[in-house]
Undergrad: 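Let me begin by handing over the structure; questions about it come next.
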Amino acid sequence: MTQELGKIRVPALVICGAEDKMTPPDCSRQLAASISGATLEIIEGAGHMVMLERPAEFNMSLDKFAASISGAVSREG
C-alpha cells in the first residue's frame with residue numbers, strides 16, 4: 001500500500017520508537033517522507049510498543065501535533 005501514501009491529503013503524524021525492530025526508524029522516515037507534510041517523531045528509549053513503553057513522550061507528541069493542526073483543520077473543515 002506504500003504507493004497509496006502520496007494520496008494522503010490530511011495532516012499525518014508518524015511516531016516511531018528509536019529501538020523499534022519491527023518498523024525501524026528508517027522505515028518510519030521513508031513513510032513520513034512519502035506523505036506530503038507529514039510530521040515524524042522518533043522517541044528515544046522505546047521499541048515497537050512506543051505508546052506503552054514511553055506513554056508520556058507519546059502523548060506529548062500527540063498533543064504537540066494536535067495543537068499544530070487545530071487551526072488548519074478548523075479552517076479546512
Undergrad: Under the salt bridge (Lys or Arg N to Asp or Glu O under 4.0 Å) test, which residues partner D26, sequence neighbours left out?
TA: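 Result, salt bridge (Lys or Arg N to Asp or Glu O under 4.0 Å) vs D26: R29.
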Undergrad: Contact between S28 and T23 at the side-chain level, heavy atoms closer than 4.5 Å - yes or no?
TA: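 Yes, at least one pair of side-chain atoms sits under 4.5 Å.
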Undergrad: Q3: which residues meet the side-chain contact (heavy atoms from CB on, under 4.5 Å) condition with it, sequence neighbours left out?
TA: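 In terms of side-chain contact (heavy atoms from CB on, under 4.5 Å), with neighbours along the sequence ignored, Q3 is linked to no residue.
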Undergrad: S61: which residues meet the side-chain contact (heavy atoms from CB on, under 4.5 Å) condition with it, sequence neighbours left out?
TA: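 Applying side-chain contact (heavy atoms from CB on, under 4.5 Å) to S61 gives I15, E41, I43.
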Undergrad: Count I, L, V, M, F, W, Y as connected when their side-chain heavy atoms are under 4.5 Å apart, and connections chain through other members. Are L52 and L62 then in the same cluster?
TA: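 In one cluster with L52: L62, yes.
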Undergrad: Would you list the pairs meeting salt bridge (charged side-chain N to carboxylate O under 4.0 Å, His left out) in which at least one residue belongs to residues 45-58, sequence neighbours left out?
TA: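 Every candidate salt bridge (charged side-chain N to carboxylate O under 4.0 Å, His left out) pair involving residues 45-58 fails, so no pair, neighbours aside, qualifies.
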Undergrad: Please assess H48 against E19 for the test side-chain contact (heavy atoms from CB on, under 4.5 Å), listing each intermediate value before the final yes or no.
TA: CA-CA 7 Å; H48 191 68; E19 284 82 44; over 6 Å; no
Undergrad: The criterion is side chain to side chain donor-acceptor pair (under 3.5 Å); which residues satisfy it with K7, sequence neighbours excluded?
TA: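 K7 satisfies side chain to side chain donor-acceptor pair (under 3.5 Å) with E4 once adjacent residues are dropped.
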Undergrad: Testing the basics here: between P25 and A18, what is the closest heavy-atom pair and its distance to 0.1 Å?
TA: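 Taking every non-hydrogen atom into account, CG-O, 3.4 Å.
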Undergrad: In chain order, what residues pass the side-chain contact (heavy atoms from CB on, under 4.5 Å) check against M60, with sequence neighbours excluded?
TA: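 Applying side-chain contact (heavy atoms from CB on, under 4.5 Å) to M60 gives none.
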